Amino acid sequence: MDYTPDAGTITMFSTSWCGYCRRLKKQLDAKGVGYTEINIEEVEGTAALVESLNGGNQTVPTVLFPDGTSATNPSVSDVMARIGS
């Protein structure tokens with residue numbers, strides 16, 4: 001499945017227990033940045049995708065950008081800069 005987000009938004013891979021994920025979501029909400037959240041413990045195949053983006057580690061939050069690049073645990077300012085917000 002293709003998880004590449006639409007322009008101006010991101011796809012964020014997370015888990016329900018991840019404090020860094022909760023923090024990033026709160027910051028994105030405050031800045032009005034659109035995102036689709038995907039829990040890697042609930043969506044089949046996404047844990048392996050996150051591993052492939054992070055050298056074999058299931059590190060979250062992993063963010064996928066519209067240009068197909070990714071970042072692990074980015075700051076909200078990094079996200080905004082990369083999507084042009």
Side-chain angles (χ1 to χ4, degrees):
M1 183 162 191
D2 183 11
Y3 294 103
T4 305
D6 293 333
T9 68
I10 62 167
T11 301
M12 180 172 63
F13 297 97
S14 67
T15 62
S16 58
W17 48 265
C18 170
Y20 295 109
C21 300
R22 284 193 298 273
R23 181 186 69 198
L24 183 57
K25 286 189 297 185
K26 183 177 179 179
Q27 292 170 340
L28 292 169
D29 289 341
K31 297 288 188 180
V33 176
Y35 61 92
T36 299
E37 181 182 11
I38 299 173
N39 187 323
I40 67 169
E41 295 177 318
E42 297 173 356
V43 180
E44 188 174 333
T46 56
L49 173 61
V50 167
E51 286 178 5
S52 74
L53 296 171
N54 292 296
N57 297 308
Q58 290 184 14
T59 307
V60 289
T62 294
V63 172
L64 191 60
F65 296 99
D67 65 1
T69 61
S70 65
T72 305
N73 197 17
S75 68
V76 71
S77 59
D78 288 343
V79 170
M80 292 176 69
R82 290 186 61 178
I83 62 170
S85 290

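Computed from a prediction, not measured in an experiment: that's the story for all the values here.
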Looking only at heavy atoms, the pair that brings Asn73 and Arg23 closest together is OD1-NH2, 3.7 Å
Can you name the nearest heavy-atom pair linking Pro74 to Pro61, along with the distance?
CD-O, 4.2 Å
Distance (rounded to the nearest 0.5 Å) between Asp78 CG and Ile83 CD1
11.5 Å
Start with the C-alpha distance between Ile40 and Val60, add both sets of side-chain angles, then the distance that settles side-chain contact (heavy atoms from CB on, under 4.5 Å), and finish with yes or no.
CA-CA 9 Å; Ile40 67 169; Val60 289; 3.9 Å; yes
Compare all side-chain heavy atoms of Pro5 with those of Thr36 and state whether any distance is below 4.5 angstrom.
no
For the atom pair OG (Ser16) and CD (Glu42), what is the distance rounded to the nearest 0.5 Å?
6.5 Å
Using the side-chain contact (heavy atoms from CB on, under 4.5 Å) rule, pick out the option among Met80, Gln27, Lys25 that qualifies with Val33.
Met80
Ignoring hydrogens, what is the shortest heavy-atom contact between Ala71 and Arg82? Give both atom names and the distance.
CB-NH1, 3.6 Å
Using side-chain heavy atoms (C-beta onward) and a distance below 4.5 Å, is Thr11 in contact with Val63?
no
Using every non-hydrogen atom in the two residues, find where Pro66 and Ala7 come nearest and quote the distance to one decimal.
CG-CA, 3.9 Å
With distance as the sole test, does Asn57 use its side chain to make a donor-acceptor pair with the main-chain N or O of Thr59 at under 3.5 Å?
no
If hydrophobic clusters are built from ILVMFWY residues whose side chains come within less than 4.5 Å, do Tyr20 and Met12 share one?
no
Given Asn54, Thr46, Asn39, the one that forms side-chain contact (heavy atoms from CB on, under 4.5 Å) with Phe13:
Thr46
Let me check something: do Met1 and Leu64 share a hydrophobic cluster, defined by ILVMFWY side-chain heavy atoms less than 4.5 Å apart, either directly or through other members?
yes
Separation of Thr9 OG1 from Tyr35 OH (nearest 0.5 Å)
12.0 Å
Can you tell me how far OG1 of Thr62 sits from CG of Leu49, rounded to the nearest 0.5 angstrom?
8.5 Å
Rounded to the nearest 0.5 angstrom, the OG1-CD1 distance for Thr15 and Ile38 is 13.5 Å
Rounded to the nearest 0.5 Å, how far does NZ of Lys26 lie from SG of Cys21?
15.0 Å
Which heavy atom of Phe65 sits nearest to which heavy atom of Thr4, and what is that distance?
O-CG2, 4.0 Å
Indicate if Ile10 and Tyr3 have the same hydrophobic cluster label, given that clusters are the connected sets of ILVMFWY residues with side-chain heavy-atom separations under 4.5 angstrom.
no
